[in-house]
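One structure below.
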Amino acid sequence: MREASPPYLEPLNEEQKKAVLHTGKPLLILAGAGSGKTRVITTKIAWLITEQGMDPRSILAVTFTNKAAREMAERARQIEPRAEGAMLRTFHSFGAWFLRRNGNFAGLNSSFVIYDDDDVISLLSGIMENAPKPEVKQCAHNISRAKDYFLSADDPQLVKIDSRKKFRGIYKRYEKRLAQIGNVDFGDLIKKPVEILQNHVEVAKRFHDRFKVIMVDEYQDANVAQFNLLKELCGPETYVCVVGDDDQSIYRFRGAEVKNILEFPDRFSGADIIRLEKNYRSTDPILKTASSVVDNNRGRLGKTLYAEKGKGTLPVLAYLPNQDEEAAFCAEKITVSVKNGESSWSDWAVLYRTNAQSLGFETLFLRKSIPYRIVGSLKFYEREEIKDALALLALLVNPRDEVAFRRVANKPARGVGAVTIDKIIEASGGYNSNLLEAGRGIDLSAKARAGFDKFIKVIEEAASILEASDESMTGAEMSDNVSETKEEKKHKRAKKEKQGLKSGEGLSVCVEKLLISSGVAEYHRTQDEISGNSKIANLQELLNTASKYRNNRNGLLEFLEDIELDRSMEENFGSNTQNSVTLITFHNTKGLEFRRVIMTGLEQGIFPRNEIKDDELEEERRLFYVGATRAMDELYLTYCMVRRMYGRTQVSQPSIFLREIDKQGLQTENRTEQSTYTERRPFIGRSFNPFNLNGMTANATADAVIEERAGYKRGQRIFHDDHGFGAVMEVKESDDGPVVRVRFDSGQEKRFLSEYQGRAYEKVSGDS
DNA sequence: TAGTTTTAAGTTTTT
DNA sequence: CTTAAAACTA
């Protein structure tokens, strides 16, 4: 039946073509970085539609980040417009979509709200009465991990996550409370759908009938629960195709199991494996640099990537005096290149390990008028005023939401104190109890009663505005399996607006009313006046975003869900970000590419992080590999001599990764020579060669100089008048001179400024 | 008990 | 240095 092969297959190489045309059995595509896996997936979607006559709606493709999902949808649509009908989502957004329609099988109302980590901690601290905050956080984390591994509160395996006896009880109570409230956490978005599919054959059958093809991108980052979800979604007829690269597994800390990819052929019997080893993205020197680091890992399948691009300029290794100079270096390289017309702003990406590092680049780029955009979770949604607003909205869709209730019931103060709040929650007890109703029916002091009645009114009035424009949701609509992509939603929204539906205002009408009548707006306005914040401006920004949603219950649910699942909200904030430099964490770069990449902060303690175990070091190496392989043409690596951290300046040591790279394959640039810092600190003299990284000479020299200045050496035994005998653990620089860290035989550690030597403690001869 | 001031602690990474 | 928790005051 096949005629001449479609034109979009032309640019593919043999293996890629094989992967696209593959049918019949499960398929594992082992795709190295830059080997065109997104092209394979998107082309495959097009091919299935145009050549196999497949209904786009029966195709499901799952990714890990919203950005990847959007990009995939975009590229698939470019090849074949009908691909718009396919379902392209992140695992979590698929889970939410599933639960909105089938949550009733797990006793879940369709208008649940998704709790983020902060909400979970807040709920848990109510359960673990007067436990210290760090312990609550630990429990929250462990519960989340347990769900990653698909472990319920009664699972014997739970001890592997948390060995403490009480953990199981806490987990149980947490689950019970969450069920009473009727909300879910992130883990539930995966775990609950699996349970429903396992326990309800008829639901499973519906999904097996619906999705004939399931594809998973970045499969190396799937956790156990996500694997289970894939397994349950696959019926006997389903064609399953996963794409991954064990060298790019960077989410182990979140429960990702590389085993999933290694054991895929066992779990899906008869699976074929296709390897994509031709790299089209990067030049040979860039690929060599990336590989030389990840090659040091033990636990990997091992593969060779061939640079189809061939030769290119060598990556630049730059040594800078401090982080301000590091930012200046980036700014300079970028500006010069752009002004010369060699590149545009958007060709550039600045990568860092932790979000905190972005600040320095932001401030400098702002001053130098370098356009930039930050990719990553927006701290916008963590702000007090935004959380307040969202809590009010959450209460509107789910009046059982204890966490939201606690947050806003007495904000601004209206006489409903903690005691009253506890009383109301207590009274609500059990299932299906509306907190507002519960509060209405109990005895309260006159003051509390007046305040609480006001609060009820606020919520009810806002709800009535919503209800008024709600086209009531039919049961059919809820259980309907029809996919509704973002694009379709936008379409619908636009259409509604044309039909004269409060155009341009939408949901913001309701949000605004709520903010004003609750007094939250007024509260933050006065806060602004006192401390010169811009909380009101932030709330305004939230209103702008809300205006894009319909002013009814569904619109509100959609709004809250989008915020929980996609905190970047690019389409809402990204209007002026077309041509700008990208500031991004290493983790967030996964799946992206840039012509020119600057990897910053390559220092011990930053990247890789300090005090980590071997397997964690391997994950950091993979992270380095991911970052470096994002670069197409040019790669820059920067590290600093000193770095400010927690407000103190510390001498940095070059990242161990820099020692793993062959220096022959790099150009070096040293900007520390003329540094004023060097002049003030002559102890870092000629003998300190920053580029002599093979064999730790640089570090050893720097350390030795500091130790000499301090008059103490590592390992040395000392005696302290108050603390007794101990050993010097570390000698390092600080703003106030060398600092000595001592571990005393009693077990406790102390730090001393070495200038107090002789007064604070005497030296004792001998060593360990 | 609400709101302020003082003190301590702290940085992975994301859905 | 920034932010969260504890301690304190009105």
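Just so it is clear: chains get the letters A, B, ... in the order the sequence lines come, proteins before strands, and each one is counted from 1. Computed from a predicted model, the values in this text were never measured in an experiment.
Following rounding to the nearest Å, A/L617 (CG) and B/dT12 (C1') show an atom-to-atom distance of 14 Å. Atom CD in A/E218 sits about 19 Å away from atom P in B/dT13, given to the nearest Å. With rounding to whole Å, A/H92 atom NE2 is found 9 Å from B/dT15 atom P. If you take CG of A/D185 and P of B/dT15, they are 16 Å apart, rounded to a whole angstrom. Between A/W97 atom CH2 and B/dT15 atom P there is a gap of 21 Å when expressed in whole angstrom units. Look at CG on A/D116: it is 11 Å from C1' on B/dT15, rounded to the nearest Å. Taking atom OH of residue A/Y381 and atom C1' of nucleotide B/dT15, one finds them 15 Å apart after rounding to whole Å. Computed from coordinates, the A/K147 NZ to B/dT15 P distance equals 19 Å when rounded to whole Å.
Of the possible donor and acceptor atoms, one in the side chain of A/D221 sits under 3.5 Å from a partner among the backbone N and O of A/I250. Distance alone, capped at 3.5 Å, places no donor-acceptor pair between the A/Y149 side chain and the A/A225 backbone.
In DNA chain B, runs of at least 3 consecutive Watson-Crick or G-U pairs, each pair with both distances below 3.5 Å, span B:1-10 with C:1-10.
A cation-pi contact, defined as under 6.0 Å to the ring centre and within 45° of the axis, links A/K590 to A/F64. The cationic group of A/R622 does not satisfy the cation-pi geometry with A/Y625, failing either the under 6.0 Å distance to the six-membered ring centre or the 45° limit from the ring axis. Note that A/R100 lies in the cation-pi zone of A/F112, set by a 6.0 Å cut-off to the ring centre and a 45° limit from the axis.
Between the CZ atom of A/F253 and the CG atom of A/D148 there is a distance of 10.0 Å, given to the nearest 0.5 Å.
Under 3.5 Å, the side chains of A/R406 and A/S122 contain no donor-acceptor pair of N or O atoms. In summary, the side chains of A/N322 and A/E326 do not present any donor paired with an acceptor at a separation below 3.5 Å, with no hydrogens or angles considered.
Where A/G415 and A/H587 each meet DNA chain B at their nearest nucleotide, the meeting point lying more 5' is that of A/G415.
Among residues two or more places apart in sequence or in another chain, the salt bridge (charged side-chain N to carboxylate O under 4.0 Å, His left out) test is passed with A/R525 by A/E522. For A/F94, the ring pair (Phe, Tyr, Trp, His ring centres under 6.0 Å) partners two or more places apart in sequence, or in a different chain, are A/W97. Take A/R300 and apply the salt bridge (charged side-chain N to carboxylate O under 4.0 Å, His left out) test, not counting sequence neighbours, and it matches A/D247, A/D295.
Dashed line: the shortest gap from a side-chain N or O of A/N355 to OP1 or OP2 of B/dT14 is under 4.0 Å. OP1 or OP2 of B/dT14 sits under 4.0 Å from a side-chain N or O of A/N588. Applying the 4.0 Å criterion to OP1 and OP2 of B/dT15, one finds that A/S93 has every side-chain N and O outside that range.
Using cut-offs of 30° and 60° for the angle between ring planes, the A/F607 and A/F586 rings count as tilted.
Using a 4.0 Å heavy-atom cutoff across all strands shown, A/D117 reaches at least one base atom of the nucleic acid. Among the atoms of the strands shown, only primed sugar atoms or phosphate atoms (P, OP1, OP2) are found under 4.0 Å from some heavy atom of A/F64.
Heavy-atom minimum distance, A/V136 versus A/I121: CG1-O, 3.7 Å.
Nearest to the side-chain atoms of A/E620 among the listed nucleotides B/dT14, B/dT15, B/dT12 stands B/dT12. Among the nucleotides B/dT1, B/dT14, B/dA2, the one closest to the side chain of A/R254 is B/dT14. Closest to the A/Y251 side chain, of the nucleotides B/dT12, B/dT14, B/dA2, is B/dT14.
With hydrogens and angles left out, the side chain of A/R353 and the base of B/dT13 share a donor-acceptor pair within 3.5 Å.
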Could you pull out the protein-nucleic contacts involving nucleotides 1-5 of chain C (nitrogen or oxygen on both sides, under 3.5 Å)?
unit_1	atom_1	unit_2	atom_2	d
C/dA5	OP1	A/K133	NZ	2.5
C/dA5	OP2	A/K133	NZ	3.4

What are the atom names and distances for every N/O pair under 3.5 Å that joins the protein to nucleotides 3-5 of chain B?
none

